[in-house]
Amino acid sequence: MIELEFTPADYLRIHFAFSPVAEVVTSLRTFSLGRRSGIHGPWFRSVDSRLDGVDMELLTALVRPTGYVPDFLNPHPRGRTGDLDAGLEQIARTDPAIVSAELAHLAGHRTAQQGPGHQRRAALMRELLADTSRAIERITTELAAYSQVALAPHWPRIHALLQADLAHRLEELASAGAARLFATLHPSVAMRGEKLAIVKYYDGRAQLRGRGLLLTPCAFAWPDVLVRTADPQPRLTYSPRGLGTMWESAPDMKSSPLAAVVGKTKAAILATLELPMSTTQLAAQLALTAPTLNAHLKTLQAAAILTSRRDGRSVLYQRTRLGDQLVHGQDSGVP
């Protein structure tokens with residue numbers, strides 16, 4: 001178990017952000033586990049045969065199914081919603097001495113090095129450590145290639161899930177305080193007095209010392225909770241709300257009664273909005289141009305079927321209760 005000790009100042013510095021790089025790295029752990037069933041089974045099956053052009057031997061040697069993951073692979077996010085290119089640039093600019101120390105630690109980490117292929121991984125680590133600057137370049141190149149295949153096609157839906165979680169947690173913190181926030185964050189997390197306890201396979205304790213705590217929702221963190229206590233701010237990474245529905249397909253509305261009434265495109269928009277989404281995310285999901293999509297959104301909003309709210313620079317659209325009833329009429333008891 002890990003315990004994080006709060007001071008009064010730390011409660012005032014509870015922040016939220018999500019990181020595309022964190023999703024890339026944690027998805028590699030999910031991939032390394034090789035689980036074709038479970039929550040991320042549909043994702044695994046969709047990407048497993050499409051990674052021939054990516055050096056998965058390198059990436060899965062860096063991110064093992066269990067145990068230590070080098071900290072330089074998970075830089076502190078810049079801004080609340082992060083940016084993949086900026087995150088990769090942070091990795092590329094890591095001090096080679098830090099990379100060397102963390103790779104050496106990974107090479108000797110008993111838990112991380114469990115499983116077949118140990119000798120091959122050891123040889124690969126020696127190769128990386130022989131020229132750390134070249135290793136950093138190689139790692140960032142392969143992470144970028146992997147993300148384009150494994151994450152980019154699914155990013156609009158992942159992004160919407162993370163945004164929805166951030167909105168919920170911020171509201172929860174503002175309305176009910178830190179005790180309520182941590183009580184609902186994850187089953188492995190519990191507030192005990194001034195200490196936040198996280199169930200892990202190892203023991204540790206860290207004082208936040210006024211640095212606060214960054215809470216980072218991450219779809220591929222499931223079912224674990226990840227803890228980092230290093231400067232500039234300790235971080236807790238957890239699974240967002242609604243994760244169980246992330247890979248569910250939207251209902252096919254083409255031949256539905258709703259499509260006959262409002263049209264196929266509007267019905268498809270409504271079906272897709274199981275999570276709040278921006279116009280950019282919706283356009284990517286539905287292959288619609290922005291002007292066409294905006295016209296449909298305005299009509300649906302005028303009819304009180306959709307509502308919108310601003311989130312930073314984006315406007316997020318979501319179904320109203322009426323919209324939910326129209327999509328899930330039979331489940332809602334609507335005739």
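Values below: every heavy atom of this structure, side chains too, minus hydrogens, waters and symmetry copies.
Scanning all heavy atoms of the two residues, the minimum distance from I14 to A178 falls at CD1-CB, 4.1 Å. Nearest approach of L162 to P240, heavy atoms of both residues: CD2-CG, 4.0 Å. In terms of heavy-atom proximity, L58 sits nearest to E142 at CD2-CG, 3.9 Å. In terms of heavy atoms, P75 sits closest to G87 at CG-O, 3.8 Å. A pairwise comparison of heavy atoms in R211 and A230 identifies NH1-C, 3.9 Å as the closest pair. Heavy-atom minimum distance, L62 versus M125: CD2-CE, 4.1 Å.
Remark: K298 NZ is loosely packed, at most 12 non-hydrogen atoms of other residues, nucleotides or ligands lying under 6.0 Å away.
Atom CD in E89 sits 9.5 Å away from atom OG1 in T94 (nearest 0.5 Å). Of the inter-residue distances, the one linking D224 atom CG with S188 atom OG reads 7.5 Å to the nearest 0.5 angstrom. Taking OH of Y317 as the reference point, atom CD1 of I305 lies at 14.5 Å (rounded to 0.5 Å). A distance of 9.0 Å separates CZ in F44 from CG in L33, rounded to the nearest 0.5 Å. With rounding to the nearest 0.5 angstrom, the OG atom of S147 is 6.0 Å from the CG atom of L88.
Remark: T292 pairs with T289 by the side-chain hydrogen bond (donor to acceptor under 3.5 Å, both in side chains) rule, at least two apart or across chains. In this structure R121 satisfies the salt bridge (Lys or Arg N to Asp or Glu O under 4.0 Å) test with no other residue, sequence neighbours excluded. For the side-chain contact (heavy atoms from CB on, under 4.5 Å) test, residues two or more places apart in sequence or in another chain that qualify with S278 are T280, Q281, S314, L316. Among residues two or more places apart in sequence or in another chain, the side-chain hydrogen bond (donor to acceptor under 3.5 Å, both in side chains) test is passed with T66 by none. Evaluation of the side-chain contact (heavy atoms from CB on, under 4.5 Å) rule for V262 yields L258, K266, A267 as partners, not counting sequence neighbours. Qualifying side-chain contact (heavy atoms from CB on, under 4.5 Å) partners for Q207, counting only residues two or more places apart in sequence or in other chains: E5, R209. In this structure, the side-chain hydrogen bond (donor to acceptor under 3.5 Å, both in side chains) partners of N74, at least two apart in sequence or on a different chain, are R235. Applying the side-chain hydrogen bond (donor to acceptor under 3.5 Å, both in side chains) criterion to Y146, with sequence neighbours excluded, gives S27. Here R80 pairs with L166, L170 under the side-chain contact (heavy atoms from CB on, under 4.5 Å) rule; sequence neighbours left out.
Placement of L306 and V315 within a single hydrophobic cluster is found when ILVMFWY residues are connected by side-chain heavy-atom separations under 4.5 Å, directly or transitively. Hydrophobic clustering of Ile, Leu, Val, Met, Phe, Trp and Tyr side chains at less than 4.5 Å, counting indirect connections, keeps L208 apart from L12. Placement of L236 and L226 in two distinct hydrophobic clusters is found when ILVMFWY residues are connected by side-chain heavy-atom separations under 4.5 Å, directly or transitively. Hydrophobic clustering of Ile, Leu, Val, Met, Phe, Trp and Tyr side chains at less than 4.5 Å, counting indirect connections, unites L215 with V189.
Ion pairing between a basic and an acidic side chain is recognised when a charged N comes within 4.0 Å of a carboxylate O; D165 and R241 show no such pairing.
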Stepwise side chain to side chain contact (heavy atoms under 4.5 Å, CB included) check, L288 with L282: CA-CA 8 Å; L288 294 173; L282 277 170; over 6 Å; no
Show, in sequence, the C-alpha distance, side-chain angles and deciding distance for H159 and F18, and conclude whether the ring-ring contact (aromatic ring centres under 6.0 Å, His included) test is met. CA-CA 9 Å; H159 189 270; F18 61 81; 5.2 Å; yes
Hey, mind stepping through T299 and H296 against side chain to side chain contact (heavy atoms under 4.5 Å, CB included) and telling me if it holds? CA-CA 5 Å; T299 301; H296 288 300; 5.7 Å; no
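Residue pairs meeting the ring pair (Phe, Tyr, Trp, His ring centres under 6.0 Å) criterion with at least one partner in residues 79-108, sequence neighbours excluded, are Y68-H105, H105-H109. Listed by first and then second residue, the salt bridge (Lys or Arg N to Asp or Glu O under 4.0 Å) pairs that reach into residues 43-72 are R36-D48, D55-R138, E57-R120, sequence neighbours excluded.
As a member of the Ile/Leu/Val/Met/Phe/Trp/Tyr network built from side-chain separations under 4.5 Å, M1 groups with V199.
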